[in-house]
Peer 1: 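Quick one: structure below, then a few questions.
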Amino acid sequence: QVQLVESGGGSVQAGGSLTLSCAASGRIFNDRAMAWFRQAPGKEREFVAGISRSGEIYYSDSVKDRFTISRDNAKKTVSLQMNSLKPDDTAVYYCAQSPRVAFFAPREYVADQKTYAAWGQGTQVTVSS
């Protein structure tokens with residue numbers, strides 16, 4: 001069973017930066033879509049960013065141009081570089097991994113929580129004004 005372990009969360013002032021990392025324990029990594037989701041207090045979990053098996057990248061409108069997702073298949077990691085952080089970015093951030101997927105995956109598939117079978121435990125990001 002795949003285990004995903006996130007790291008890099010913390011507290012930062014508005015305008016600051018953080019980088020989240022997620023390490024996967026499974027034997028196979030490069031044929032999976034990877035994504036980051038977040039859940040703020042009192043809100044539903046929402047899509048933040050995702051990267052398909054082919055390397056296509058998708059972002060939510062709220063983080064586009066501020067966040068950057070990347071993956072390292074050799075190290076079986078996915079990262080989320082977060083710049084220009086805002087108080088609204090405060091949430092628990094979750095890493096997720098899909099089952100084996102087609103090489104090209106559309107945004108609707110990568111951004112859908114139901115796509116993902118494995119989830120990390122979450123890491124807290126707090127942005128103060």
Side-chain angles (χ1 to χ4, degrees):
Q1 185 172 352
V2 172
Q3 287 190 323
L4 303 176
V5 179
E6 301 106 333
S7 61
S11 297
V12 65
Q13 288 191 327
S17 299
L18 283 173
T19 300
L20 305 183
S21 294
C22 172
S25 65
R27 186 173 62 88
I28 305 297
F29 181 83
N30 62 346
D31 64 354
R32 308 294 198 258
M34 300 295 298
W36 289 93
F37 291 79
R38 68 186 181 186
Q39 187 167 20
K43 295 187 177 181
E44 294 185 353
R45 190 161 57 186
E46 64 176 0
F47 172 75
V48 175
I51 183 166
S52 71
R53 177 181 174 185
S54 63
E56 293 171 284
I57 291 174
Y58 308 100
Y59 297 102
S60 69
D61 289 342
S62 62
V63 308
K64 193 175 181 180
D65 299 326
R66 298 189 297 122
F67 290 11
T68 302
I69 187 172
S70 60
R71 64 188 295 164
D72 186 329
N73 289 335
K75 296 181 179 179
K76 295 189 289 184
T77 60
V78 62
S79 298
L80 186 68
Q81 173 68 42
M82 306 184 294
N83 297 326
S84 302
L85 282 161
K86 305 175 182 179
D88 285 348
D89 295 318
T90 295
V92 177
Y93 284 71
Y94 297 91
C95 173
Q97 184 185 70
S98 75
R100 187 177 184 277
V101 297
F103 191 70
F104 294 107
R107 187 186 193 283
E108 294 74 26
Y109 183 84
V110 175
D112 188 347
Q113 295 186 49
K114 296 188 292 293
T115 293
Y116 298 92
W119 293 83
Q121 82 285 354
T123 186
Q124 177 70 46
V125 171
T126 302
V127 184
S128 58
S129 57

Peer 1: Taking salt bridge (charged side-chain N to carboxylate O under 4.0 Å, His left out) as the definition, give me every residue that meets it alongside R100, ordered by chain and number, with sequence neighbours left out.
Peer 2: D31
Peer 1: Which heavy atom of R53 sits nearest to which heavy atom of N30, and what is that distance?
Peer 2: CG-O, 3.2 Å
Peer 1: Which heavy-atom pair separates A35 from I69 by the least distance, and what is that distance?
Peer 2: CA-CD1, 4.5 Å
Peer 1: Looking only at side chains, do T19 and Q81 share a donor and an acceptor under 3.5 Å apart?
Peer 2: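 Result is yes, a qualifying pair exists.
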Peer 1: Do you know which two heavy atoms are closest between S84 and S17, and how far apart they sit?
Peer 2: N-OG, 4.3 Å
Peer 1: Between D112 and K114, is there a salt bridge with N-O shorter than 4.0 Å?
Peer 2: yes
Peer 1: Please report the interatomic distance OG(S79) to CZ(R71), rounded to the nearest 0.5 Å.
Peer 2: 11.5 Å
Peer 1: Sorted by first residue and then second, give each disulfide (SG to SG under 2.5 Å) pair with at least one member in residues 44-86; sequence neighbours left out.
Peer 2: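 Passing the test, one end in residues 44-86: no pairs.
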Peer 1: Are the aromatic rings of F37 and Y116 close, with centres under 6.0 Å apart?
Peer 2: yes
Peer 1: Please say whether more than 12 non-hydrogen atoms of neighbouring residues, nucleotides or ligands are located less than 6.0 Å from CD in E46.
Peer 2: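 Result for CD/E46: enclosed.
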Peer 1: So, taking the atom named CG in L80 and the one named OH in Y93, what distance separates them when rounded to the nearest 0.5 Å?
Peer 2: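 It comes to 7.5 Å.
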Peer 1: Looking at every non-hydrogen atom in both residues, tell me the closest pair between L85 and M82 and how far apart they are.
Peer 2: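 What the structure gives for the nearest pair is CD2-CB, 3.8 Å.
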Peer 1: Test of understanding: clusters of I, L, V, M, F, W, Y form through side-chain heavy atoms closer than 4.5 Å, transitively. Do M34 and Y94 belong to the same one?
Peer 2: no
Peer 1: How many angstroms lie between atom CZ of R38 and atom OG of S60, to the nearest 0.5 angstrom?
Peer 2: 6.0 Å
Peer 1: With rounding to the nearest 0.5 angstrom, report the SG to NZ distance, C22 to K76.
Peer 2: 12.0 Å
Peer 1: Identify the heavy atoms of A105 and Y58 that sit nearest to each other, and give their distance.
Peer 2: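 Scanning both residues completely, I find the closest heavy atoms to be O-OH, 2.8 Å.
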Peer 1: So which heavy atom on F29 is nearest to which on V78, and how close?
Peer 2: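 Between these two residues, the closest heavy atoms are CZ-N, 4.5 Å.
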